[in-house]
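Computed from a predicted model, the values in this text were never measured in an experiment.
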Amino acid sequence: QSSEYDLVSRLSYFLWNGPPDETSLALAASSDEIPAAALEREVDRLLADQRSKRFVENFVADWIGFSMVDQVAVDPNFYPQFRTHLKDYMKQESIEFFSELLFRDLSCLNFLESDFVMVNGALAEHYAIPGVHTQRFTHVAAPKSRGGGALAQGSVLLAYSTGQDAHAVNRGVWIRSRLLGDPPSDPPPGVPSLPEPSSDGKPGGPASIKQRFEAHLKAGTTCYDCHKDIDPWGVAMEGFDAVGLPRTKIKLLPDIKKSDLHPSVSRAGGDAVVKDVVILKQFLLKHRPEQFTDGFTRHMLSYALGRPLSYRDEQTVLTLRAEFEESGYKMRSLIKTIVRSSVFRQGSQPKNHK
């Protein structure tokens with residue numbers, strides 16, 4: 001009996017970020033072992049409650065990295081039209097998009113690319129999307145210039161920028177670690193940072209982001225081993241500035257045009273040239289859905305358990321991932337599969353290892 005009270009408590013803290021209510025406690029008291037079907041009905045009940053907004057907001061804030069959005073100071077000298085309140089709208093855009101996938105039971109592959117976006121009037125004006133005049137966020141067709149999905153959202157583009165310019169390495173690391181669940185190793189100590197561009201456009205220093213990477217990689221093979229799997233992802237996003245708008249020129253480098261940014265991303269059977277974010281998203285959708293599925297499953301399981309995963313969780317991840325794929329990448333199905341899993345039901349913790 002006590003284990004079932006623990007179970008409904010874990011479920012409540014997972015989906016409500018708070019203690020169980022009387023209905024959950026009554027469910028725990030009704031059986032020595034809550035049946036899987038009853039657990040699934042409880043998931044539906046908890047998600048239907050307004051308190052589930054806490055789960056959505058907390059998960060998205062952690063996954064996107066809202067703390068990074070808050071820390072970036074947008075330089076008014078570069079973006080005089082940008083207003084600080086747009087930061088909150090950008091964060092809300094990501095929350096509303098996540099909610100749309102969860103509560104309308106849409107495929108989570110929409111995170112890679114989607115034909116719709118969630119915007120309100122102010123954010124639509126910022127993105128130059130016509131016809132939206134409401135303060136409420138609404139489901140509208142994605143503009144062809146940027147498409148949809150996480151990589152078109154201002155929260156991601158702003159969080160992993162400098163506030164003056166895009167930051168290809170930070171954006172590449174976010175794609176690797178958060179979108180594909182494959183975080184790169186930390187850089188070794190003593191490695192110099194990327195050389196700064198020459199703002200006056202005069203020769204003598206590395207100009208384009210690709211040239212700056214090449215100069216940086218001369219620091220040693222250790223740099224190359226990591227950067228070859230990071231840089232192409234971030235360079236493909238150079239077509240969007242620090243505040244998430246398409247551009248044809250880089251502000252710090254007025255002579256470097258978008259057409260110069262042609263990184264290659266490795267895939268089975270050779271390299272693919274990825275010229276911009278829209279092409280990058282199509283590439284991810286076609287060639288990286290398994291990696292995304294694995295990464296998203298790991299993030300959700302770790303969040304549900306309230307702890308980092310260990311090697312002991314690998315078989316659970318494989319099982320969850322397979323069922324997630326079979327469901328059509330439906331988030332509600334993933335949540336129910338996690339809740340039914342032995343690791344969640346038992347609340348097991350990994351043993352400490354030296």
Side-chain angles (χ1 to χ4, degrees), residues 56 59-60 63-66 69 79 81-82 86-161 166 171-172 174-175 178-180 233-248 258 261 265 272 274-289 291-293 295-296 328-331:
V56 173
F59 184 90
V60 176
W63 189 48
I64 299 293
F66 283 177
V69 179
Y79 307 102
Q81 303 302 319
F82 187 84
L86 284 175
K87 279 189 174 186
D88 291 331
Y89 290 148
M90 287 174 171
K91 291 187 288 186
Q92 192 63 34
E93 174 191 10
S94 296
I95 290 169
E96 297 289 344
F97 188 82
F98 184 98
S99 296
E100 192 80 349
L101 302 191
L102 173 60
F103 295 113
R104 295 205 178 196
D105 218 22
L106 304 177
S107 168
C108 284
L109 292 183
N110 279 288
F111 284 123
L112 298 182
E113 176 62 299
S114 69
D115 59 5
F116 72 92
V117 294
M118 300 294 295
V119 292
N120 65 357
L123 206 52
E125 183 180 359
H126 178 66
Y127 293 148
I129 299 174
V132 181
H133 306 290
T134 172
Q135 280 295 97
R136 296 184 64 180
F137 278 76
T138 185
H139 179 128
V140 300
K144 291 182 179 180
S145 62
R146 64 190 304 122
L151 295 182
Q153 292 172 8
S155 62
V156 173
L157 295 165
L158 176 60
Y160 304 99
S161 75
R171 288 178 176 180
W174 188 86
I175 293 173
R178 302 297 177 90
L179 202 61
L180 301 179
W233 303 111
V235 173
M237 300 179 72
E238 283 288 293
F240 280 81
D241 63 19
V243 296
L245 298 180
R247 63 183 179 180
T248 56
K258 183 180 177 182
L261 306 171
V265 178
V274 180
K275 297 181 180 180
D276 58 32
V277 170
V278 176
I279 297 174
L280 171 63
K281 291 186 293 179
Q282 290 297 329
F283 175 87
L284 290 170
L285 198 58
K286 183 176 181 180
H287 298 289
R288 292 290 190 271
Q291 270 188 272
F292 164 76
T293 303
F296 193 76
Y329 308 94
K330 304 295 178 62
M331 198 188 313

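With rounding to the nearest 0.5 Å, the separation of NZ in K330 from CZ in R104 is 13.5 Å. Rounding to the nearest 0.5 Å gives a distance of 10.5 Å between CD of E93 and CG of L86. With rounding to the nearest 0.5 Å, the separation of OH in Y79 from CG in L245 is 8.0 Å. Note: L109 CG to F292 CZ = 6.5 Å, rounded to the nearest 0.5 Å.
Annotation: side chain of V117 is in contact with side chain of V140 (closest heavy-atom distance under 4.5 Å). Counting heavy atoms from C-beta outward, I175 and L180 have side chains that approach closer than 4.5 Å. You'll find the side chain of K87 stays beyond 4.5 Å of the side chain of F66, heavy atoms only. Looking at heavy atoms from C-beta onward, M237 lies in side-chain contact with L280 at the 4.5 angstrom threshold. Between L123 and F137, the closest side-chain pair of non-hydrogen atoms falls below 4.5 Å.
Not one N or O on the side chain of R288 forms a donor-acceptor pair closer than 3.5 Å with the backbone of L179. Checking side-chain atoms of K91 against main-chain N and O of S155 turns up no donor-acceptor pair under 3.5 Å. Between the side chain of R171 and the main chain of A159, no donor-acceptor pair closer than 3.5 Å is present. Between the side chain of K281 and the backbone N or O of S114 there is no donor-acceptor pair closer than 3.5 Å. A distance-only check finds no donor-acceptor pair linking the side chain of H126 to the backbone of G244 [under 3.5 Å]. Listed for the Y127 side chain is no donor-acceptor partner under 3.5 Å among the backbone atoms of P143.
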Check the pair I64 / W174 against side-chain contact (heavy atoms from CB on, under 4.5 Å), numbers first and verdict last.
CA-CA 8 Å; I64 299 293; W174 188 86; 3.9 Å; yes
Checking Q135 against Y89 for the side-chain contact (heavy atoms from CB on, under 4.5 Å) test, could you report, in this order, the C-alpha distance in whole Å, the side-chain angles of both residues, the deciding distance, and whether it holds?
CA-CA 10 Å; Q135 280 295 97; Y89 290 148; 3.1 Å; yes
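The six-membered or imidazole ring of F97 lies near that of F116, with a centre-to-centre distance under 6.0 Å.
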